[in-house]
Structure formats: structure tokens, C-alpha cells
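What follows is a single structure, written as C-alpha cells, with notes after it.
Ligands are counted one by one from 1 in listed order, and the atoms in each one are counted from 1 as well.
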Amino acid sequence: MKKLVKVLALTAVAAMALAGCNSAKDDAKVITMATNAEFPPYEYMENNEVVGIDADIAKAIADKLGYELKIENVDFDSLIPGVQTGKYDFSMAGMTVTDERLEQVNFSQTYATGIQSVIVKEDSAIKTVDDLFAEGASNKIGVQLATTGDIYCTGDIEDAGLGTVERFNKGADAVMALTSGKIDCVVIDNEPAKVFVANNEGLKILDTEYAKEDYAAAIAKENTELLEKFDKALGELIADGTVAEIIGKYIPAE
Ligand code: ARG
């Protein structure tokens, strides 16, 4: 008797699993994007929802492809691993295309450009980006962990013995450390930098730029089918002005 119960239970589990599979197939119309919503105006939280340029562009792409878009908000350094393992279908996070990342994932065509900027206190001794690399420099530099700001500053400054890099989980936390005098500057993308400076007193962005970069969506290497569809949809949205319109909605022309 006991055995029969077990068999029945197993059958039930198997049936449920099968049913689960089927229903998943029926509404297999969900596509999952991962992002790190600490990066206004590309992605940030509003009323418990991820909003911003990337969310809007992703939604437009999903609409075109007939998918329902689901957005997962995770740490920046788990975006690429999550895409690689297939946990997420793609990632959009103001993510810069780099050679190193291209070894791990594929990138869509680029849809925006970014600049690595330097935020300092208004009365800072750091006047230009070059001051960070000057002989004898020894600044404490804040970055968001695993971003290109982190990668560049680690290579150019920390490894060169010209200062130390403090890595924060959120760009906003790096800015807070700057405001409270724990670090000397923050290296971060220009658009979030503008938002952070507007929201905090006594800060400014240096006129000189650290680096120029291209933003694109990351997709698993194996998933060339999605890459193709994604790129086609994105290309159409760039061509018909939708992408520019979305960016313009969040970044008013100066
Ligand atoms: N562009 C930089 C990079 O790719 C920073 C991106 C940070 N994005 C974010 N959603 N926190 O490394």
C-alpha cells in the first residue's frame, strides 16, 4: 500500500511537471531582461517598477517580437553571468561594449553612447581627468563594482600605483562617500553623473572626459536566434526614430 501511494504521488508529480511544461510553452511569450536599476536615466526604480531608457527600448523591442517583457533587477556584476547561463534572455543596463565582455556574451548593435565622467567636490584639487594620472597622484576613486569605470581605474590608476579604487554596489553609494569626504572623486557614466550631481549639493562634473563608449544589449553567445531578431527590431526602432524619441524623453537636449 505504501508503495502504491508513492507511485501515485510520483505520477502526480510527473503529470504536474508535464502540465507545467505545456503551459510554459503556451505562454512562452515572456522574454526576460536583466538590469541594474541604479543607473538613472537608463534604469531606475519608480513606484516599485524599473523605468528608464533601457526599459522603454526593451519594451518596444519585445512588442515588435510579440513577447511580454519581464524585467529583473539584479547587481551589475551578475548581469553577464546570468545572461551566459540563460537565466535571463538578455541584459540592458547602459552596458558598454568591451573586448573582454565580447569574449563572454554577444552584443546587439549599439543604441546609445556613453562617457565616463569624473565627479568631484566643487572645491576639489582634481581639476582635469589628467590629474588622476599625474606623477605622484594618490586619489581615492569611487566606482560602481564591475563597471567600465572600475575596470579603467583599476588598470590605469590602482595598478599604476597612482591611487586606490573603492568599489560600491551602487553608483549612488559612491557619490555619498564623495559627499562625506571618504573618497576624492567618482568615475561613472555621464548621464547618471548628471542626475547624482543635481541631487547632491557641492558636486560638479569635470569638463574633461575619461572615455567614450557604446551601449548595447548583451545576449548569450549560443542564442544567435534571439540576437538576430533583437538586432532587426532594434534596427527598425533606430531607423524610425523611436530610440531617439525615448532617449529624448529622459535626456532633454541641452
Ligand atoms: N557603462 C558602464 C559599464 O558598462 C556602466 C553601466 C552601469 N549600468 C547600470 N545599470 N548600473 O560598465
Side-chain angles (χ1 to χ4, degrees), residues 32-46 49-59 61 69-84 87-119 129 141-158 165-178 185-197 199 205 209-219 243 246-247 250-251:
T32 306
M33 153 176 157
T35 193
N36 170 249
E38 300 293 342
F39 199 71
Y42 282 89
E43 43 268 334
Y44 55 101
M45 297 306 292
E46 203 174 82
E49 215 187 309
V50 177
V51 298
I53 294 170
D54 287 333
D56 283 6
I57 295 176
K59 175 79 172 58
I61 291 171
L69 178 69
K70 189 173 148 210
I71 301 182
E72 299 265 6
N73 182 21
V74 301
D75 282 344
F76 188 77
D77 66 346
S78 41
L79 293 174
I80 289 189
V83 165
Q84 282 182 299
K87 193 166 176 192
Y88 317 118
D89 295 305
F90 68 98
S91 167
M92 276 178 93
M95 191 181 280
T96 304
V97 180
T98 69
D99 289 341
E100 207 183 40
R101 289 173 182 166
L102 272 168
E103 285 173 16
Q104 305 171 305
V105 289
N106 279 332
F107 278 104
S108 69
Q109 57 183 300
T110 69
Y111 58 89
T113 51
I115 293 165
Q116 289 301 311
S117 295
V118 184
I119 309 177
V129 170
I141 296 157
V143 297
Q144 186 184 14
L145 177 72
T147 59
T148 46
D150 182 3
I151 297 163
Y152 301 153
C153 292
T154 301
D156 297 347
I157 297 168
E158 195 165 70
V165 177
E166 306 248 345
R167 300 165 187 88
F168 298 83
N169 252 324
K170 307 175 180 187
D173 290 347
V175 173
M176 234 156 68
L178 174 61
C185 66
V186 173
V187 173
I188 196 161
D189 304 51
N190 196 42
E191 292 305 331
K194 284 193 219 158
V195 176
F196 294 143
V197 166
N199 293 342
I205 299 173
E209 304 172 351
Y210 194 145
K212 265 212 166 70
E213 359 185 83
D214 292 320
Y215 294 165
I219 297 176
V243 166
I246 291 171
I247 293 176
Y250 290 93
I251 307 174

Polar side-chain atom of Ser91 near backbone of Ala218 as donor-acceptor pair, under 3.5 Å: no
Polar side-chain atom of Glu43 near backbone of Thr35 as donor-acceptor pair, under 3.5 Å: no
Minimum heavy-atom distance between Ala37 and Met45, given as atom pair plus value: CB-SD, 3.8 Å
Atom of Ile251, atom of Pro41 and distance for their closest heavy-atom approach: CG1-CG, 3.8 Å
With atoms numbered from 1 as shown, which atoms in ligand 1 lie under 4.0 angstrom from a non-hydrogen atom of [X]?
X: Tyr215; result: 1 (N)
X: Gln144; result: 7 (C), 11 (N)
X: Asp189; result: 1 (N), 2 (C), 5 (C)
X: Asn36; result: 9 (C), 10 (N), 11 (N)
X: Arg101; result: 3 (C), 4 (O), 12 (O)
X: Met95; result: 4 (O)

Gln116 versus Glu213, side-chain donor and acceptor atoms under 3.5 Å: yes
Pair Asp56, Tyr250: side-chain N/O donor-acceptor within cut-off below 3.5 Å: yes
side-chain hydrogen bond (donor to acceptor under 3.5 Å, both in side chains) assessment of Arg101 paired with Thr96: CA-CA 9 Å; Arg101 289 173 182 166; Thr96 304; 4.5 Å; no
Before signing off on this row, confirm whether [X] and ligand 1 have an N or O atom pair separated by under 3.5 Å.
X: Glu38; answer: no
X: Glu43; answer: yes
X: Thr147; answer: no

Tyr42-Tyr215 aromatic ring centre distance below 6.0 Å: yes
Tyr42 near ligand 1 by a heavy-atom separation under 4.0 Å: no
Any Glu213 heavy atom less than 4.0 Å from ligand 1: yes
Winner among Gly94, Ala93, Pro192 once heavy atoms are compared against atom 8 (N) of ligand 1: Ala93
